[in-house]
Every structure is written in C-alpha cells, then in structure tokens.
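Heavy atoms only: backbone and side chains are in, while hydrogens, waters and symmetry mates are out.
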Amino acid sequence: MSEPVGRARVVRVSLLLLMVVGIAVVLLLRPDGTGSPSSEPSPSSSSPTPTETVSPPTARRPPGERAFCAGFVSLADAQARYADDPAAQGAALEEAADRMVGLGVPESMPPAAGGGYYTLLNGIYSSLGKALDPAAVPGALPGEQLPDSGAAFSAYLAQACPA
C-alpha cells in the first residue's frame, strides 16, 4: 500500500520541480520581472540566440489527459535528471520535450493553461539553446501576454493529473 503513496509523492515533487525550474528560466529570460524584455538590454543579461526552432508535427490527434499526464511525468523526471547533470542529461531532456511536442495537448486544456505550458516548454528548449514554435501548443494564448498563465497551467495539471 505504501508503493502508490510513494509514487504519488515522487510525481508531485517532480511536477513541482519542473514548474519551479520553468518559472526560474522565464524569470532569467525576463530579468526585470515584468514579463517583457527590459528597455535597455545589457550585454551581461542577454540570453544566447537560439540556434534552432522546434516545430510541431504537421498532423496529430489530440491526446487524452491520461496520455498527456504520463508524458508530463516523464518530462518532469527528465528535467530533474537534467538539473542534476546538465552535460550528461541534455539529450534525454530534449527527447522528452520532443515527445511532448509530438504528443500535442488535450482538447480539455484551456487556452490560458496552454500559454503556461508553452512558456514552460519554451523555457526547457531555451536552456538547450533552442526555441519552440508557438504553433507547437495549438490554441494556446501567448504566455508572455498572460500574467497568470503559469498558474492556469498548474491548476490544469492539478485537475487533470491528480497524483
């Protein structure tokens, strides 16, 4: 009986870690904390230009919530391993993020939550020197324009992916 409880705790901790890292990446890319680039960028605060843009597959059927949640847990696990050893785990994190892009988003995900999901995925790709095409999260409102998109995505995860 303790096995499911232990697994649930690992899932919650992994999701929390992934969200914290995603938020930290967004804040690092937006150092003034307003969600928009500062008016006078300094050479020390500019982030490297992505070398490649990750695009979504041409056609896909939206996944169910169960498949999305399982993929997201896998992404959270890959993010945790990457945080421990970026040099050795970069390829595994990119593969996990690519799988999520290939999977798509459930039809039940609200546009504001999709904006938070896009911001989180783009932050992961940015840490790998890439950028994510906004079309990779269909129907998402741009996360940068929605101050609560991260909270909307967290609420969606709590509702759709109970641990």
Visitor: Excluding sequence neighbours, so at least two apart, what forms side-chain contact (heavy atoms from CB on, under 4.5 Å) with S74?
Guide: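 Scan of S74 (side-chain contact (heavy atoms from CB on, under 4.5 Å), adjacent residues dropped) gives R99.
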Visitor: With P86, which residues qualify under side-chain contact (heavy atoms from CB on, under 4.5 Å), at least two apart?
Guide: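 With sequence neighbours excluded, P86 shows a side-chain contact (heavy atoms from CB on, under 4.5 Å) to Y82, given in chain and number order.
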Visitor: Can you give me the closest heavy-atom contact between L103 and P63, atom names plus distance?
Guide: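 L103 and P63 have their closest heavy atoms at O-CD, 3.3 Å.
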Visitor: Would you compute the distance between atom CG of L157 and atom CE of M109 and round it to the nearest 0.5 angstrom?
Guide: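 These two atoms lie 7.0 Å from each other.
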Visitor: Taking side chain to side chain donor-acceptor pair (under 3.5 Å) as the definition, give me every residue that meets it alongside D148, ordered by chain and number, with sequence neighbours left out.
Guide: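 Listed in chain order: nothing, the list is empty.
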Visitor: Looking at residues at least two apart in the chain, or sitting in another chain, which of them share a ring pair (Phe, Tyr, Trp, His ring centres under 6.0 Å) with F68?
Guide: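 Y117.
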Visitor: Taking all atoms of both residues into account, what is the closest heavy-atom pair of T119 and S149, and its distance?
Guide: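 Heavy atoms of T119 and S149 come nearest at OG1-OG, 4.5 Å.
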Visitor: Working to the nearest 0.5 angstrom, can you tell me the gap between L93 CG and D98 CG?
Guide: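 Interatomic distance, L93 CG to D98 CG, rounded to 0.5 Å: 9.5 Å.
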Visitor: Hey, would you say the F72 and Y156 ring centroids sit under 6.0 Å apart?
Guide: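 Here the rings of Y156 and F72 have centres that are no less than 6.0 Å from each other.
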Visitor: Can you tell me which residue pairs pass the disulfide bond (SG atoms under 2.5 Å apart) test with a partner in residues 87-126, sequence neighbours excluded?
Guide: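 Residue pairs with at least one partner in residues 87-126: there are none.
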Visitor: State the CG-OG distance between L121 and S126, to the nearest 0.5 angstrom.
Guide: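 Here the interatomic distance stands at 12.0 Å.
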Visitor: Check side-chain contact (heavy atoms from CB on, under 4.5 Å) between D85 and all other residues, then give those that pass, not counting sequence neighbours.
Guide: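 Testing D85 for side-chain contact (heavy atoms from CB on, under 4.5 Å), a comparison that skips the adjacent residues, returns A87, A88, Q89.
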Visitor: Drop me the distance from Q79's CD to L120's CG, to the nearest 0.5 angstrom.
Guide: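 So the gap between those two atoms works out to 7.5 Å.
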Visitor: List for me each residue that meets side-chain contact (heavy atoms from CB on, under 4.5 Å) alongside P134, sequence neighbours excluded, and say none if there are none.
Guide: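 With sequence neighbours excluded, P134 shows a side-chain contact (heavy atoms from CB on, under 4.5 Å) to Y118, given in chain and number order.
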Visitor: With disulfide bond (SG atoms under 2.5 Å apart) as the rule and sequence neighbours excluded, what pairs involving residues 84-127 come up?
Guide: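 Sorted result for residues 84-127: empty, none.
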